[in-house]
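The structure's right below; bear with me while I get my questions together.
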Amino acid sequence: MLRILLCLVMVAFAGCSVLPGKGSAQAPQGDESFYTWVDDKGQLHSEPRKKKTPQITASSEKGDGKSDINPADYTPVEVVDARLAQKRLYAWTDDQGLNHVEEKDKPKPEDAPVPVVSSVVESENPFPATCCITLSLQNKLLLSELKTRSLSLEDYYHSDESFSHGAVVVDIDMPSPALRVQSFIRNNRVAVPDILLLDERYRVVHYFEAPLSHYVSESWFKFGYLQGLIGSEFLDGVRYLVITPGSKAGVLPLDENEVKITDFGFVTVFPDAPAL
């Protein structure tokens, strides 16, 4: 009788522990650190519950709340912004479908050219409006080729109906902040020509009567010369420079010598503006 009663108690206990459904079941019993469960044969089992190990960070272990980041290892945002302001990023895709990004320096703005002040003074133009159209038929010298050449005016003057003594025409084929004209003194003689500036249609833009007024004394490596500087304020819209025999005559007292003014002499034209 006692055995039957014990079996009934075990069955009642199993009925309270088994969850609905076929197969094994789990149910927490007693201490939450153990699993207690009953199998299909009514046998009671108890197994320890697996504990989760908490992850402890380095900062929590130290407990001081300080960060391990070293500010010296990073570039301040102000420096990054300043660098980006000087850079340009170029992105493109090549023929194989690969993307590329290239960083280049931004082009620096070019400084505005410094105006060159002339040493010449403009004179009233004595020539008619159509005076220089005939010069369009004359051979011209290129300014870009005159940097190292000295012109003998006697070799280049060619007479025409407008200029009885001829003219040398220089094509200003390159940008230049100023034009420097020099006439060298040889055997106490010097040419002091007049100079005209023409536009591309051979119209007179400016006229200078005997503009070579600055004197440079002779040195051991160079003859003395007269010089005139035509600055940037006279070169706007100008295409041609014309050298023609001057209207002045007589002598010039230079270095205690009397230098005679002539039509012929040696002249240079430079596309630059060194100090006088």
Checklist line | Listed partners of Glu218 passing side chain to side chain contact (heavy atoms under 4.5 Å, CB included), at least two apart | finding: Phe223
Atom pairs and distances, donor-acceptor, side-chain atoms in residues 241-255, under 3.5 Å, two or more places apart:
from, atom 1, to, atom 2, distance (Å)
Thr244, OG1, Gly166, O, 3.1
Ser247, OG, Glu209, OE2, 2.8
Asp255, OD2, Tyr215, OH, 2.4
Asp255, OD2, Ser217, OG, 3.4

Notebook entry, point to check: How would you list, by chain and number, every residue that makes a salt bridge (Lys or Arg N to Asp or Glu O under 4.0 Å) with Asp173, sequence neighbours excluded?
Noted result: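 Asp173: no salt bridge (Lys or Arg N to Asp or Glu O under 4.0 Å) contacts found.
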Next item on the list: Output yes when a side-chain donor or acceptor of Lys222 lies under 3.5 Å from a complementary backbone atom of Trp220, and no otherwise.
Entry: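 Flag not set: sc Lys222 to bb Trp220 has no pair under 3.5 Å.
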Check: Taking only residues two or more places apart in sequence, or in another chain, which ones meet Ser213 in a side chain to side chain contact (heavy atoms under 4.5 Å, CB included)?
Finding: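 For Ser213, no residue satisfies side chain to side chain contact (heavy atoms under 4.5 Å, CB included) once neighbours in sequence are set aside.
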Next item on the list: Not counting sequence neighbours, which residues clear side chain to side chain donor-acceptor pair (under 3.5 Å) with Ser136? List them please.
Entry: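 With sequence neighbours excluded, Ser136 shows a side chain to side chain donor-acceptor pair (under 3.5 Å) to no residue whatsoever.
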Check: Sequence neighbours excluded, which residues qualify as side chain to side chain donor-acceptor pair (under 3.5 Å) partners of Asp263?
Finding: none
Note to self: Does anything in residues 182-198 form a side-chain hydrogen bond (donor to acceptor under 3.5 Å, both in side chains)? List the pairs, not counting sequence neighbours.
What the structure shows: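 Every pair satisfying side-chain hydrogen bond (donor to acceptor under 3.5 Å, both in side chains) with a residue in residues 182-198: Gln182-Gln227, Gln182-Thr268, Asp194-Tyr207.
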Item checked: Inter- and intrachain pairs under ring pair (Phe, Tyr, Trp, His ring centres under 6.0 Å), touching residues 166-195, at least two apart ->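 Found Phe184-Tyr225.
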Margin query: Quick test of your reading: applying ring pair (Phe, Tyr, Trp, His ring centres under 6.0 Å), list the pairs with at least one residue in residues 240-263, sequence neighbours left out, ordered by first then second residue.
Written below: Tyr202-Tyr240
Notebook entry, point to check: For Arg201, which residues count as a side chain to side chain donor-acceptor pair (under 3.5 Å) partner, sequence neighbours excluded?
Noted result: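 Not a single residue meets the side chain to side chain donor-acceptor pair (under 3.5 Å) criterion with Arg201.
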Next item on the list: Mind listing the closest non-hydrogen atom pair of Ala167 and Leu135 along with its distance?
Entry: CB-CD2, 4.4 Å
Notebook entry, point to check: Taking C-beta and beyond as the side chain, do Leu141 and Tyr156 meet within less than 4.5 Å on heavy atoms?
Noted result: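 Of all side-chain heavy-atom pairs linking Tyr156 with Leu141, at least one is under 4.5 Å.
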Notebook entry, point to check: Does any N or O in the side chain of Ser123 come within less than 3.5 Å of the main-chain N or O of Phe208, such that one atom is a donor and the other an acceptor?
Noted result: no
Check: Going only through I, L, V, M, F, W and Y residues with side-chain contacts under 4.5 Å, is there a path from Phe270 to Phe266?
Finding: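 No, Phe270 does not connect to Phe266 through the hydrophobic network.
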Next item on the list: Please name all residues satisfying side chain to side chain donor-acceptor pair (under 3.5 Å) with Asp199, sequence neighbours left out, ordered by chain then number.
Entry: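 Asp199 satisfies side chain to side chain donor-acceptor pair (under 3.5 Å) with Arg203 once adjacent residues are dropped.
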Next item on the list: Applying side chain to side chain contact (heavy atoms under 4.5 Å, CB included), name anything that partners Glu200, two or more places apart in sequence or on another chain.
Entry: Arg239
